Amino acid sequence: MRVAEADIDDPLSGGDCIKVGGTTVPRNLAGLIVNQVGAVGMNSLTAPIVAVGPASVNQAVKGLAIARRSLAEHRQDFVFLPAFVKIAAEDLSGIQFEIERTTPRSMADMDGMELRVAGATEVKALAGAIAKNARDSASSFVVAVGANSVNQAIKAIAIARTYLAEESIDLRCRASLDAIDGGELAGKSSVTILAEPFAV
């Protein structure tokens with residue numbers, strides 16, 4: 001599979017996944033996700049999203065957050081499960097987001113521990129904190145600002161999933177975008193990713 005740098009590669013046109021590049025427009029990606037989630041039954045998977053590199057992962061997560069906001073108006077929702085993936089025929093690894101339609105649920109109504117992420121956050125330490133919360137049956141609200149921070153957050157969740165697999169625990173995620181009102185980051189958006197544990 002070849003990862004597009006600028007365009008969304010729509011699986012409806014013959015591909016097997018949605019390939020996101022660093023210049024993909026999140027709103028366009030969100031429209032594609034909304035169409036796919038609306039077309040499948042409850043607890044069904046859509047075509048996965050694949051992103052390589054911090055900029056691509058950031059655009060993918062923004063698209064997921066925008067899609068959730070749009071679907072909420074129609075009382076629909078989905079969760080995503082991030083995992084590492086090798087890109088065939090290329091010496092690259094990326095993140096694959098499996099998307100599953102689910103019952104609508106507001107992140108504001110859910111409890112969990114907030115974990116703030118920076119671009120320099122140590123991924124395995126963050127993964128350990130997320131996994132510890134999951135073992136305690138607690139969700140993690142992972143908050144990030146900027147492409148590198150979002151990338152670190154997603155990688156940590158993917159690693160935490162591998163830590164928990166032997167214990168028959170997995171993580172399902174929801175994302176939201178929130179405007180930052182004050183301080184030096186005013187005018188930017190933060191990404192919040194809810195990592196919710198469930199038994200498998």
Side-chain angles (χ1 to χ4, degrees), residues 8-12 17-22 24-51 54-83 95-117 130 133-134 138-147 149-158 160-161 170-181 188-198:
I8 302 166
D9 191 345
D10 184 347
L12 301 179
C17 66
I18 302 169
K19 292 171 257 185
V20 176
T24 294
V25 177
R27 195 166 299 281
N28 293 347
L29 173 61
L32 183 56
I33 295 167
V34 166
N35 289 340
Q36 292 211 353
V37 169
V40 300
M42 192 62 69
N43 301 318
S44 297
L45 295 173
T46 71
I49 294 172
V50 174
S56 301
V57 169
N58 185 49
Q59 299 303 79
V61 173
K62 285 182 180 178
L64 290 163
I66 294 167
R68 283 195 69 243
R69 187 185 303 154
S70 296
L71 285 165
E73 298 171 9
H74 304 285
R75 300 181 60 81
Q76 295 180 350
D77 201 358
F78 64 88
V79 292
F80 62 91
L81 292 81
I95 298 289
Q96 176 171 292
F97 301 83
E98 286 192 352
I99 301 172
E100 180 181 342
R101 184 173 173 180
T102 191
T103 305
R105 196 161 175 206
S106 170
M107 288 171 57
D109 298 333
M110 302 172 79
D111 294 323
M113 180 179 291
E114 184 176 290
L115 301 170
R116 294 202 167 264
V117 186
I130 295 167
N133 287 344
S139 297
S140 297
F141 285 91
V142 187
V143 181
V145 178
S149 300
V150 172
N151 186 55
Q152 297 297 82
I154 291 296
K155 289 197 304 189
I157 294 169
R161 291 184 67 211
D170 204 351
L171 298 167
R172 56 184 159 226
C173 301
R174 301 170 201 256
S176 69
L177 277 174
D178 303 292
I180 300 173
D181 294 327
K188 292 191 175 185
S189 294
S190 66
V191 172
T192 300
I193 304 159
L194 171 70
E196 180 188 18
F198 67 100

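Values below: every heavy atom of this structure, side chains too, minus hydrogens, waters and symmetry copies. Note that the structure is predicted; figures quoted are calculated from it, not measured.
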Sub-4.5 Å side-chain heavy-atom contact between Phe80 and Cys173: yes
Positive for side-chain contact (heavy atoms from CB on, under 4.5 Å) with Val20, one of Ile49, Ile95, Leu32: Ile49
From OG1 (Thr192) to CG (Asp178), nearest 0.5 Å: 4.5 Å
Arg75 to Pro104 - nearest heavy-atom pair and separation: O-CG, 3.0 Å
Heavy-atom check, side chain of Ile66 versus side chain of Leu177, under 4.5 Å: yes
Minimum side-chain heavy-atom gap Leu115-Asn133 below 4.5 Å: yes
Residue pair Asp77 / Arg174, side-chain heavy-atom distance below 4.5 Å: yes
Stepwise side-chain contact (heavy atoms from CB on, under 4.5 Å) check, Leu81 with Phe97: CA-CA 5 Å; Leu81 292 81; Phe97 301 83; over 6 Å; no
Rounded distance (nearest 0.5 Å) linking atom CG of Asn58 with atom OG of Ser149: 9.0 Å
Least distance between heavy atoms, Ala156 atom then Ile130 atom: CB-CD1, 4.1 Å
Beyond-backbone contact of Thr46 with Ile33, side-chain heavy atoms, under 4.5 angstrom: no
Pi-cation contact, Phe198 with Arg172 (under 6.0 Å, within 45°): yes
Residues forming a salt bridge (charged side-chain N to carboxylate O under 4.0 Å, His left out) with Asp170, sequence neighbours excluded: Arg161
Gln59 side chain vs Thr24 backbone, donor-acceptor pair below 3.5 Å: yes
Euclidean distance, Ile193 CD1 relative to Ser140 OG, rounded to 0.5 Å: 11.0 Å
Side-chain heavy atoms of Val142 within contact of Ile154, under 4.5 Å: no
Close side-chain approach of Gln76 and Val34, heavy atoms under 4.5 Å: no
CE-OG distance between Met113 and Ser139, expressed to the nearest 0.5 angstrom: 11.0 Å
Contact summary for Val50 and Cys17, nearest pair of heavy atoms: CG2-SG, 3.9 Å
Selection residues 97-111 - residue pairs positive for salt bridge (charged side-chain N to carboxylate O under 4.0 Å, His left out), sequence neighbours left out: Arg105-Glu196
Sidechain-backbone polar pair: Ser56 side chain, Gly22 backbone, donor-acceptor under 3.5 Å: yes
Salt bridge (charged side-chain N to carboxylate O under 4.0 Å, His left out) involving Glu73 - partner list, sequence neighbours excluded: none
